[in-house]
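What you are looking at is a predicted structure, and each value in this text was computed from that prediction instead of being measured. Start at 1 with the first residue, then count along the sequence.
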Amino acid sequence: MKEKPDFDCDKYRQIAQMAKMGWWESDLKNRQYICSDFIINLLGLESDRISFEDFHGRIREDHRRRLRNEYFSLTNIETYEQMFPIRAKDGEDIWVYSKISFKQPDEEGYKNIIGYLQCIDKQTEETSESTDSLQVNSLLYQQNSLSYSLLAFLQSDDITQIINKILADLLKQTKGDRTYIFEIDREHKVQSCIYEATAEGISRELDFLQNVPWDDSLWWDRQISEKRSIILNTLDDMPPEAKIYRDTLEVQDIKSVMAVPLLSKDKVWGYMGIDMVRTHRSWSNIDHQWFSSLGNIISICLQLRKAELQAKEDRRALDHSEKILRNIYKNLPVGIELYDKDGYLVDMNDKELEIFGLTDMKEALGVSLFENPNIPEDVKEKLRARENVDFSINYDFSKIDRYVTSRRKDIINLQTKVALLYDSQNQFSNYLFINIDTTETTSAYTKIQEFEHLFLLIGDYAKVGFAHFNVMTRDGYAQDTWYRNLGEKENTPMPQVIGVYSHVHPEDCAVLKQFVGQVKEGKATSLSKEVRVNRGNGKYSWTSINVMVRDYRPQDGVIEMLCINYDITPLKETEQKLIIARDKAEELDRLKSAFLANMSHEIRTPLNSIVGFSSLLAETDDREERQEYIKIVETNNELLLQLVSDILDLSKIESGTFDFVRSDLDVNESCMKIIKSMEMKVPETVDLVFEKYMPDCHIYTDKNRFMQVITNFINNALKFTKQGTIALGYEQTAPHEIKFYVRDTGVGIPKEKIDSIFERFVKLNTFVQGTGLGLSICKSLVSQMGGKIGVESTEGEGSCFWFTHPY
């Protein structure tokens, strides 16, 4: 196959010269035309550019204005052709034919134009006048056709017949093959052919062109939506993006097309088109303008006819509505009275007759509202001042004997609304009374209010709250008690409570949220849960929550839950106290059992020593041996005495008979006596010292109890300190407080046992003699002296027991 030869520019120029034709392109940004060599030579230009003003100044003046007006009317087409005389380089006017095409806007938004210009045979004035005469005759014919179409619309009631006749005449005038009107349904995104006329031998397509998809992004649909006409001399004029529509037109064997948008209130509601099937056609500006005008007439007349039909429909609806309104007025379940502008009754409905005990409206017509004894005077004054009024009264029929004759003699509760009516000239015309007998409603509402008040009173007293909530719509109602039981403020919006539970303990909150989610899914219908509620002070109260799903219709937007909650904090506190008391009783029972077992051992041990060594005293003659036995007996006597003393002290403390005899006490003197009396018990490897004290210190206390506490501290230190130091001391820690302490370098106390060291019957070492009551008794003594007691200890390093005393 031979390759296609390259395009020969010289041949193109030669052909263009022979055809007396050249091309040009506009440059809107610089307001210039860019011209080919033929036009440069024709006009005698010095370069390939000529300004808009220079070029238009060369057009003969009698055609210059026409061309300008035609150009500015080109808003809906993409091509345009024209013929006019222009001054050439030799100064003579020559006739040229020009056809232009609008380009797509460039990157800067300028919509430039391209076209060609061709010289034609010189026309004489006679020929020009003949041509103008033909154009005028054609325009007159088309104008006559437009006026006939408009007149036909106005004279006929059969819209379809008139439009079909206009379309048929259009085919004859244009020698076209098919004309049609499409209507666009933007809501459903479809277009449908509503009118069609075809030439003889051309198939009708109307039945197949219904509900065709409409898409504003497609080329054809976008052109129409943007109020731009579509003018196609051939299908080759269509851009590549219009391939879908081109394929459709080719299937119908369409060769040329013109379509214009149809407008209503500046909106495109459809379009009118004409197809050429048997031959091509080059559409002229006159064709387009005439076709557009005809389309506008059809569009306007269709819209006017629609408005006329709508008006007729509205009038029929108004008549029907008036009948319905009169029927509603007559049978309304509320009483209606109509008074004229002077206050005289002119009409009332059946319900009003029933409310006021009348058999016929004539019995009351003509009475004056200003003479009605039941209407308060302040209401009458407002009505005279032409004010709308709402009021509620107890209407007493026994007062209206002279006003109107009624069968009723009782008293009813009447709710009344008065509206002022005005005529079309805004002149006051009537008083309209709307009366509702609310006697039964008021009575029922009063009973409901009484019950609700009683229910709220009971709820507040018992701390019981009630709420109902629709999970789907997230609305509902709750009592104030219900809010308080959940730690919320009254009248907080329900959506901020249900599913949030900001004051509920996180563990309990997770359970409640999970339940709400399961209710939405239909997996749960009830819940009973005790939850902890944060009251804002770091403490939690307890609330019992009981929820049930009363109405489950998610398809109707209803999942209604009922919730009852009540405060169970006192019950929980009582329960906790009982648990603590039970645990304490069990612990005391265990400790007392251990105490009795320990006492049995502790008492027998010194008694056995006393009895045994007392017998040995009688049998031995050795003086040193007797002294040793006596010392053992004395030591066990002291131990036994201490045991009995501790038990007696404990008994007095529990019975509340522990006596305190307070007096002035010299602290330094008492502490020195304790140190001196305890030195005999201190092993040689331990130093007992009075280390830290003030020069002079006196307190008001019970001397024996004070010394008992310090002595007990030192005795405990001696039991657990094998070497090092045991130090007694005191210091002023506050203006009115002194802190006493006994510090040792003994074995110390395990960390896990420090909290229980002051409990009764507690012994850290079962092999060390003692009742386990000493520190517990010290704690009670210090408390009754107005102080506090405590210990700091490190296992393996020693302990420091201390207590405070008022100073």
K.L.:
Main chain of M561, side chain of N470: is a donor-acceptor contact present, judged purely on distance under 3.5 Å?
P.N.:
no

K.L.:
Using modelled atom types and a 3.5 Å cut-off, is there a donor and acceptor pairing between side-chain atoms of S36 and backbone atoms of W23?
P.N.:
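Yes, because the side chain of S36 sits within donor-acceptor range (under 3.5 Å) of the backbone of W23.
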
K.L.:
Tell me whether E521 at atom CD has more than 12 heavy atoms from other residues, nucleotides or ligands lying less than 6.0 Å away.
P.N.:
yes

K.L.:
Has the side chain of S264 got a donor or acceptor atom that lies under 3.5 Å from a matching backbone atom of W269?
P.N.:
no

K.L.:
Is the backbone N or O of E187 less than 3.5 Å from a side-chain atom of D185, with the two atoms forming a donor-acceptor pair by type?
P.N.:
yes

K.L.:
Taking only Lys NZ, Arg NE, NH1 and NH2, and the carboxylate oxygens of Asp or Glu, determine whether E241 and R222 approach each other closer than 4.0 Å.
P.N.:
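Yes, charged N to carboxylate O under 4.0 Å.
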
K.L.:
Do the non-hydrogen side-chain atoms of M472 and V558 ever get within less than 4.5 Å of each other?
P.N.:
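When only atoms from C-beta onward are counted, V558 and M472 do not touch, as no gap falls below 4.5 Å.
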
K.L.:
Any sub-3.5 Å donor-acceptor pair from S256's side-chain atoms to M276's backbone N or O?
P.N.:
no

K.L.:
Just wondering, do S192 and V212 contact through their side chains at under 4.5 Å, heavy atoms?
P.N.:
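The answer is no, as the side chains (C-beta and beyond) never meet within the 4.5 Å cut-off.
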
K.L.:
Output yes when D236 and R246 qualify as a salt bridge under the 4.0 Å nitrogen-oxygen rule, no when they do not.
P.N.:
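A salt bridge links D236 with R246.
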
K.L.:
Under a 3.5 Å cutoff, is there a donor and acceptor pairing between the side chains of N388 and K417?
P.N.:
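Side-chain D/A pair, N388 to K417: absent.
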
K.L.:
Please determine which of Y271, W214, Y195 meets the ring-ring contact (aromatic ring centres under 6.0 Å, His included) test together with F182.
P.N.:
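Of the listed options, the one satisfying the test is Y271.
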
K.L.:
For E92, is there an ion pair with R87 - N to carboxylate O distance below 4.0 angstrom?
P.N.:
no

K.L.:
Looking at every heavy atom in both H288 and S229, which two are closest together, and how far apart are they?
P.N.:
NE2-OG, 3.0 Å

K.L.:
Charged N to carboxylate O under 4.0 angstrom, D275 versus K255?
P.N.:
no

K.L.:
Any carboxylate oxygen within less than 4.0 angstrom of a Lys/Arg side-chain nitrogen, looking at R58 and D54?
P.N.:
yes

K.L.:
Are side-chain heavy atoms of I194 and Y180 found at a separation under 4.5 Å?
P.N.:
no

K.L.:
Donor-acceptor pair, S225 side chain versus D221 backbone, under 3.5 Å?
P.N.:
yes

K.L.:
Would you check if the side chain of S429 reaches a backbone N or O of L421 as a donor-acceptor pair within less than 3.5 Å?
P.N.:
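Confirmed, S429 side chain pairs with L421 backbone.
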
K.L.:
Flag the pair R553 and E560 as a salt bridge only when some basic side-chain nitrogen lies within less than 4.0 angstrom of an acidic carboxylate oxygen.
P.N.:
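No, no charged N to carboxylate O under 4.0 Å.
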
K.L.:
Counting the benzene-type ring for Trp, do Y33 and F52 have ring centres under 6.0 Å apart?
P.N.:
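Judged by ring-centre distance (under 6.0 Å), Y33 and F52 do meet the cut-off.
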
K.L.:
Hey, does the side chain of W283 reach the backbone of V257 with a donor-acceptor pair shorter than 3.5 angstrom?
P.N.:
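Pair found, side chain donor or acceptor close to backbone of V257.
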
K.L.:
Do C35 and I50 touch side chain to side chain, with heavy atoms closer than 4.5 Å?
P.N.:
yes

K.L.:
Examine distances only and state if a side-chain atom of D423 and a backbone atom of Q427 form a donor-acceptor pair shorter than 3.5 Å.
P.N.:
yes

K.L.:
Does atom CD of E61 have more than 12 heavy-atom neighbours from other groups under 6.0 Å away?
P.N.:
no

K.L.:
Is it true that the side chains of E205 and S203 contain a donor and an acceptor less than 3.5 Å apart?
P.N.:
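The criterion, which ignores hydrogens and geometry beyond distance, is satisfied for S203 and E205.
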
K.L.:
Does N430 use its side chain to pair, donor to acceptor, with the backbone of L432 at less than 3.5 Å?
P.N.:
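No, N430 side chain to L432 backbone: no donor-acceptor pair under 3.5 Å.
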
K.L.:
Between D27 and R49, is there a side-chain N and carboxylate O pair less than 4.0 Å apart?
P.N.:
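Result for this pair is yes, salt bridge flagged.
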
K.L.:
In plain terms, say whether K243 and D247 are close enough for a salt bridge, that is, a side-chain N and a carboxylate O under 4.0 Å apart.
P.N.:
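Counted as a salt bridge, because a side-chain N and a carboxylate O are separated by less than 4.0 Å.
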
